[in-house]
Amino acid sequence: MSYGDVKTTCPYCGVGCGVIASVAADGVVSVRGDPEHPANFGRLCSKGSALAETLDLDGRLLYPEINCRNAAPTRVSWDVALDHIAQKFQSIIATHGPDAVAFYVSGQLCTEDYYVANKLMKGFIGAANIDTNSRLCMSSAVAGYKRAFGSDTVPCDYQDLELADLIVLVGANMAWCHPVLYQRIRAAREQRGTKIVVIDPRKTATCEFADLHLPLQPGTDTTLFNGLLNFLRREDYLDFAFLEAHTEGFAAALNAARASSPTLPSVAQACGLDPASVAEFYRMFARSTATVTLYSQGVNQSSAGVDKCNSIINCHLATGRIGKPGAGPFSITGQPNAMGGREVGGLANQLAAHMDFDATANIERVARFWSATNIARKPGLKAVDLFDAIHAGGVKAVWIVATNPAVSLPDANKVRAALQKCEFVVVSDCVRATDTTQYAHVLLPAAAWGEKDGSVTNSERRISRQRIFLDVPGEAKPDWWMFAQVAQRMGHAHAFGYDTPAQIFREHARLSAFENEDRRDFNLSGLAQLDDAGYRQLAPVTWPVHAAEPQAPRLFSDGKFFTPNRKARLIPITPRAPAHAPDIEYPLILNTGRVRDQWHTMTRTAKAPRLNAHEVEPCVTLHARDAQQCGVRDGALAHVASRWGSLLARVRISDEQRMGSVFVPIHWNDQFASNATVDALVNPVVDPLSGQPESKHTPVRVTPHAAAWYGFLLSRRLLAVPHVNYWVRAKGQGYYRYELAGAAKPDDWADWARALLCHSDGKAEWSEFLDKRAGRYRAARVVNNQLESCLFVAPDPALPSRTWLAGLFEQELLSDSARAGLLSGKPRQGDSDAGEVVCACFGVGGKTIQRAIENGADSVAALGEQLQAGTNCGSCIPELKKMLLRD
Ligand code: SF4
C-alpha cells in the first residue's frame, strides 16, 4: 500500500520534531524534516535524519509467543496469547489482590496506548501499579511544578527561547540530547545576542557557545540557586508586586536560602566554583528580565531532584519571570511522549488527566467518567519500588511495554533477578532479543514507528500526530489494541470497545474537560468533538485547547496558578547532599548520560551505520589526574565498579571531565557489548517525592584491565567471538565491527582466526601475518574479490585505523592498491582514509576534515561549504571548532 508523503513525528527525544516520511515505488523510505512543524521548521538531528535506516525487519518480533522461557517458545495466535494473559492476571488478582499485578510502560508509547493501559489498571483492575520509564527522566520536574503551581504545567514554549535575553541551561547537554532545540538557541544567539550560561559539572559540547560555564561540584545545584535567591533579594532585584499578589511562601524560602547560601564566597566554595564566575552568573540573571532556565536530567536524576527544580522555580517566582514572553522555568523531557504519559496519568502517583489521588472528588469524578467498576484509591508503586516489590514477591505479574528495564533501571542486576523470579512476565516490544525479553513468559509483537497511528506531546506541550506510512509486518499490533483486548477478556468489554485511536483520543480529550471548570490546567475540550477526519488531519497544537477559546492565552499570564488559593508557592529548600558520598574504596563519582548519536538501549539507532560511527564503544571518560591515580591509560580498558555492579569500558581521558567524576554512557547492553550496562552500577537511591533515581551520582572506582591482547575485527557476517574478555559490536556500512580484548592469548592465532572467519562461501583467498615476538597478528579473507573479513591483534591498543579498512567493504571489487595495503591496515599512495566519523549526517570523517583544514579551510562555514560537515543538525560543530583551534 502506498501512503505518499506522510507527516509524522520523530520517535526519539522530547523536542518532538515534525518529520515527512515518503515511501518510493520500490519501497525505499526517505525521511526529511517537516518545514511547517513549529518544533523544528524542517531541521532534524543526526538521529532523526537516519530514521529511514532503522526500519528494516532484522530482529523484529513479529508473532505472539508463549512459553518463552522454554528452550523452544511456542508461536500462538493472538487469541491464545491474549486469553492466556487475561486468565493469568485474573487468577493472580483473585488469589493475591489487584496490587499483585503491574504494568511498566514507556515514554515511547503514543498517548492513546498510554490512556488505555492507565484506564485498565486504575479504573478496572483497581490498583495504580502502572509506572513508566519516564519516571527515570522527568518525574522530579513533575513534582517540582506541582509543588510550586499546584499542577504539572510546563509554563514555556520553544518560542520563548527566541525571545529570551538570557538562557540558563542546567544539567542539560542539549547539543547532544536535544540537538534541534540547541540549534534554535544558537540561531537566536546569533540574531539577537542571547546570553547563554551552562551549569554542568562536565564541559559538554553545549558549552561551545556559552558565555559562561559553571562546572559545579555534582549535587550542589540547590546551594547555587538558593544563593541566587539570596543575591536577588540583597541586590533588590525581586518583583515584590508579583510576590505579593500571586505567590506565597517567599519568607520561608528566603530564610532557607540565607541559611544555606549566606554569601557569594560561601556558595562558590560549596559548589567548587570560582567566586567571580558565580558573581557573573548572578549579575547576568539579575539584569535579564527575559530569562529562561532550561533544565533536564542533570537536575531531575537526583535524590534531591525535586528540591533542585523548586530552587530554580523559586528564583523565577521571586522575580515574576513566569507567564511572560521569554521567561520561565522550562523542564525539557527526554522522551518523545513523556508529556503524553503525564497527561493521561501514566505515572503511578497520578490518577488521570492531571488529577491525582489526593482528593476523593478526583477519584469519584474519574470513576464516574470511566464507569469504572473498581477504581484505584491510592497511588501505586513507582518504578524502583515496583521492581523491588517484584523481587520481594509482592508483585507477581508484570506487563512491560516498549521499554528495557533490565538495562535502564538502577541496580539493573537486581532488576534482572526480580524478573527471573517473577511468576508471570509479559513483554510487548518491536524487538525480539533485548536484555529484558529474555525474562518474558509471553512476548507480544508491537507495531513500530511508522506502522501505528496516535499522538505524542513534546516538551512545550505540543500535541503532534504520529501517522502510519508502512504496512504492519507479521502480526504486529498497536499497544492500545493489546490492552483493550486483554481488558475485554477480563470482563470489561463495555469500557474498552475501541476500534481506532481517534476514539481513544476523543475520550481522553473529554476526560480532560470533564467537570474541569478551569480548575485543571490540562484541558482539551476544544478537541473532544474531533471527528475521524479531524483526527487524521490534526495539526500540531499546544494545550490547553479550550472549546470556548481555542487560542488560549499564555499560561500563568494572569498570575493565577492551580493551587486552591490560585497562588504559586515558593518552597523553602535546604540543600541535601547525594545519598552516597565517595570514600576510599569508591573515590570517584559516576555520572551517566547519552552520547550524540544513540538513543536509549540502541534497539533502533544501532541499526543505522552512520549513528554507530561517532562513538563506537562504551567509554569511561575521566580527567588525566584521576586516570593517573587509577593507573589507567587512554585507549586501554578499565573496570568501573560500584557497590552494586561493574562494567568494562574503553578509557578516554579528557580535561573536559571534572576531577573526581567519571562519565559512562547509558546505551550499551548485552546485545552490543560483553559487559557495559552502566545501570548495573547505579545506586538505587531515589528522590523521596518523585521516586526518580539518582543516576548522576554513584561512588565508583576505576581500575586497569589486564588485557593480554587487543584487537579488532571487521566482517561482512555477524559472528560469535569466542574466548574474549571484551567485545563490542557495531554495524557499519556493509560490515560489522568488533572491538576485542582478551586476558589470555589463544594457543595459535592462525587456528583461532581461521575457525572464526573461514566458512565455505565462494572462492576465498586467505592472507595472514604473524610477528610472534611482538605479539602481532593480522589476517584478511577475500571472497570473490571482495573483502570478507579482516582481523588485527596486538599486545597494546595501538592498532591501525579501522576506517580505511571499513571503507573497503564498499568496494565492489577490491582494488590492487587496497589488496596491497590490506595487512598493513594503511592506504597506499593515492588512497585515503576518511578517519572516524565526526559529522554523522553526511558521514564526514576526522581525517578528511583535518586535510581540509590543512588545505586552508579556516572556519566552520568553510568546512561546511567544502564537505557539508556541520550543515544539517549542527551537533558536530563543537567538534569542528575544536579541530580548527587545534590547528
Ligand atoms: Fe528527533 Fe533529533 Fe528532533 Fe529529537 S532533536 S525529535 S531526536 S530529530
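In this chain, residues are counted from 1 in sequence order. Just so you know, ligand 1 is whichever comes first in the structure, and atom 1 is the first atom listed for that ligand.
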Inset, instruction - Could you tell me which residues satisfy ring pair (Phe, Tyr, Trp, His ring centres under 6.0 Å) with W449, sequence neighbours excluded, listed by chain and number? - result: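 Only F469 meet the ring pair (Phe, Tyr, Trp, His ring centres under 6.0 Å) criterion with W449.
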
Inset, instruction - For a side-chain hydrogen bond (donor to acceptor under 3.5 Å, both in side chains) with N612, tell me which candidate from Q733, Q598, R737 qualifies. - result: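 The single option meeting the side-chain hydrogen bond (donor to acceptor under 3.5 Å, both in side chains) with N612 is Q598.
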
Legend entry - Pairing residues for A175 by the side chain to side chain contact (heavy atoms under 4.5 Å, CB included) criterion, not counting sequence neighbours: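 Partners of A175 by the side chain to side chain contact (heavy atoms under 4.5 Å, CB included) criterion, ordered by chain and then number, come out as N173, Y182, A205, T206.
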
Inset, instruction - Find out whether P618 and V728 are in side-chain contact, i.e. whether some heavy atom of one side chain is under 4.5 Å from a heavy atom of the other. - result: yes

Legend entry - Pairs where residues 163-182 contributes a residue and the test salt bridge (charged side-chain N to carboxylate O under 4.0 Å, His left out) is met, not counting sequence neighbours: D165-R192

Inset, instruction - Could you name all protein N, O or S atoms found under 2.8 Å from atom 1 (Fe) of ligand 1? - result: C10 SG

Inset, instruction - If the plane angle is over 60° it's perpendicular, under 30° parallel, otherwise tilted; pick one for H508 and F522. - result: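 H508 and F522: tilted rings.
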
